[in-house]
Protein chains: 2
Amino acid sequence: MTTTIRQVAAAAGVSLATASRALSGSPAVVESTRKRVQQAADDLDYNPSRLGRSLVTGSTGNIGLIFPDISNPFYTQFLAELESVVAARDIGILIGDAHEDSHREASLLRQMVTQVDSLVLVSSRMTDAQITAAAVRLPVVLANRRLAPGSIVPELLSQIVIDVEPGFSAAVDHLYALGHRRLTYLDGPARSWSAREKRASLTRACARLGVDLSIVPVEKPDFESGRQVARHLDPNTTVVVAFNDQVALGVLSTCRDRGIVVPVNMSVVGCDDSLPIGLAWPALTTIDSSSRSLGALAAQAVLNPAVHRTGSVPTRLVVRESTGPARPSMV
Amino acid sequence: MTTTIRQVAAAAGVSLATASRALSGSPAVVESTRKRVQQAADDLDYNPSRLGRSLVTGSTGNIGLIFPDISNPFYTQFLAELESVVAARDIGILIGDAHEDSHREASLLRQMVTQVDSLVLVSSRMTDAQITAAAVRLPVVLANRRLAPGSIVPELLSQIVIDVEPGFSAAVDHLYALGHRRLTYLDGPARSWSAREKRASLTRACARLGVDLSIVPVEKPDFESGRQVARHLDPNTTVVVAFNDQVALGVLSTCRDRGIVVPVNMSVVGCDDSLPIGLAWPALTTIDSSSRSLGALAAQAVLNPAVHRTGSVPTRLVVRESTGPARPSMV
DNA sequence: ATAGACAATGAAAACGTTTACATTGACCCT
DNA sequence: AGGGTCAATGTAAACGTTTTCATTGTCTAT
């Protein structure tokens with residue numbers, strides 16, 4: 001059915017070894033035979049089996065990619081960016097969706113480990129131990145997550161993160177300058193490193209300025225959950241900062257349903273800037289943490305694991321139209 | 001480094017063949033040794049190589065998935081749905097982004113063909129000949145694309161499409177009822193089957209009701225292109241129907257910039273309904289062609305290629321707030 | 001008691017490659 | 001002329017599995 005290198009060799013009248021050498025451009029084969037083999041390969045539409053090759057060379061030409069939730073645009077953008085740099089090298093991409101579940105993530109990892117050259121774990125929910133264990137078998141790029149401070153970091157592990165500090169700090173400054181003294185944070189998944197990171201930054205910034213902070217958990221960081229949680233907020237909430245843009249848009253949606261005018265009666269700040277500008281209305285003030293940049297950085301780490309052991313992409317506040325001054329009565 | 005079945009066999013004191021049988025649950029192995037082998041495997045944290053297995057069994061446990069553009073939410077949703085049904089069977093997923101380029105698509109196909117059991121081509125830009133050629137090697141699911149009518153369809157090919165007719169027909173009825181007699185269609189990529197399909201449906205519906213239709217090409221079916229093209233529309237355009245939601249949102253964005261009030265001065269209709277309801281404002285009237293349903297159908301076709309040779313998901317019009325009555329002066 | 005059946009296991013081939021090592025000549029140098 | 005070098009090719013092992021076929025031994029039926 002599918003043609004093998006053995007058939008190509010036969011057609012060209014050479015041994016299987018010579019055929020292999022000819023096709024891989026080894027200098028040890030004379031030009032005339034090289035041409036003859038190439039011709040035979042073309043005629044038979046030969047397509048080398050990646051399986052056979054991988055088994056003997058020990059390198060598959062694939063990488064594995066595991067996210068907590070593929071339908072989240074933040075990860076989609078990350079994927080798109082990573083794909084375009086990696087695919088140029090003719091590297092295949094295996095993806096897996098862990099559905100925010102560390103067990104599922106671990107099982108995907110097991111599935112992939114035997115058929116990829118390296119692994120990118122995005123916002124991994126696994127334990128440090130699980131991650132470092134994987135990194136002894138093959139190079140691992142940890143994206144949007146960092147091992148606990150002080151851990152010994154395996155040779156083969158890279159860590160690529162988003163530095164949320166400047167963005168969140170600027171967001172609180174911005175809100176403070178508008179006169180707000182209280183804000184509500186809609187928190188991300190408990191097991192998420194980046195959620196903890198964001199919460200910590202926000203807490204620091206609020207403490208610094210003496211802003212009152214109340215933290216509300218959100219089950220799943222998506223549009224629908226944002227919509228739900230916004231329905232049960234303390235009625236005199238005037239500022240909402242959300243773990244990501246999806247949640248913020250959910251809040252916006254509920255505000256519209258209830259006739260709460262943003263940014264007059266309510267200010268909303270998102271995080272990620274993963275959506276096209278102006279997609280929502282009013283346009284969302286957000287903490288830009290470009291997932292595309294994160295993807296680009298991860299791609300570099302994948303391509304040369306030795307060099308890019310660590311990297312971070314900065315965040316900044318993008319002020320649009322969903323934040324406004326505190327109303328005098330509320331200050 | 002990584003433990004092989006040979007080591008497991010050694011540790012359990014059996015031959016490699018018995019180890020294999022024990023682990024794959026063959027009835028030919030006695031319970032006591034089965035346990036012993038399992039124990040050894042667990043102790044050594046044995047993880048069978050998919051490569052080795054694939055080579056001999058001829059089945060890889062992976063499927064390949066090729067889209068024209070991963071960052072498009074329509075495809076992301078499709079992917080998410082397909083993933084969740086397929087992953088439950090412990091099937092791996094290789095993805096590729098063709099970037100709307102048929103050459104790139106063909107080369108991805110070559111890369112994948114040797115390491116997957118079947119292939120899903122989404123909105124393929126390749127020729128019928130290329131597609132049918134692939135379908136002789138392995139099962140192919142053609143999603144959002146159909147071979148030219150009258151083609152002989154290979155055994156291994158399934159075709160899963162969206163039936164745009166009812167949705168577009170209803171959209172034109174809706175607009176007609178609102179008093180509109182002219183509309184502008186922002187067309188999709190020239191090489192896209194679904195773009196031709198949508199255009200044809202729209203043309204038929206307009207002809208039926210005597211509505212004047214003008215068709216404007218859009219380079220790339222995304223937000224930014226929609227924004228651009230909306231800037232150069234005939235100034236007395238009052239209705240825009242877009243190839244997809246992204247483009248429609250781009251139009252909405254430009255309208256806002258120019259102070260054109262939707263739906264008072266302009267009606268906008270999207271297509272796909274790939275975004276969370278109410279994400280845009282005004283909420284987009286759209287032709288719902290659930291990419292999730294398409295993904296679910298494709299998943300079924302992948303799992304039992306014999307049965308689901310063909311399928312289609314219907315469309316319907318979802319009226320929201322971006323369409324309104326024609327203004328008297330313009331009828 | 002002995003042949004035959006059958007259950008449990010082992011030996012080896014196979015999948016499609018790459019590559020280390022062996023073989024063949026042709027040529028050059030003395 | 002004959003040994004040595006080197007370039008071109010061939011042979012065979014290896015990668016990690018599964019599976020066919022062969023082997024061993026135990027048990028049953030005559």
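Quick note: numbers below take in every heavy atom, side chains included, and nothing from hydrogens, waters or symmetry partners. Letters go in sequence order (proteins before strands), and every chain restarts at 1.
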What residues, two or more places apart in sequence or in another chain, satisfy side chain to side chain donor-acceptor pair (under 3.5 Å) together with A:Glu31? A:Arg34
Using every non-hydrogen atom in the two residues, find where A:Thr114 and B:Pro48 come nearest and quote the distance to one decimal. CG2-O, 3.5 Å
Rounded interatomic separation in angstrom, taking CG from A:Leu23 and P from C:dT19: 13 Å
Using a 3.5 Å distance criterion without hydrogens, assess whether the side chain of B:Arg36 forms a donor-acceptor pair with backbone atoms of B:Ala12. yes
Angle by which the axis turns from one end of the helix from C:dA1-D:dT30 to C:dT30-D:dA1 to the other, five pairs per end, to 10 degrees: 70°
Nearest heavy-atom contact between A:Met112 and A:Gly96 is CE-N, 3.5 Å
What string of B, S and - do you get for nucleotides 11-17 of chain C, 5' to 3', if B is base contact, S is sugar-phosphate-only contact and - is no contact with any protein heavy atom under 4.0 Å? B---BBB
So, B:Ser26 versus B:Ser24: side-chain donor-acceptor pair below 3.5 Å or not? no
Please tell me if A:Thr33 has a side-chain N or O lying less than 4.0 Å from either OP1 or OP2 of D:dT9. yes
Heavy-atom pair with the smallest gap, counting every atom of A:Thr4 and A:Tyr46: C-CE1, 3.6 Å
Do you know which of A:Gln130, A:Glu100, A:His99, A:His103 makes side chain to side chain donor-acceptor pair (under 3.5 Å) with A:Arg125? A:Glu100
Strictly below 4.0 Å, N to O, side chains only: are B:Arg145 and B:Asp128 in salt-bridge contact? yes
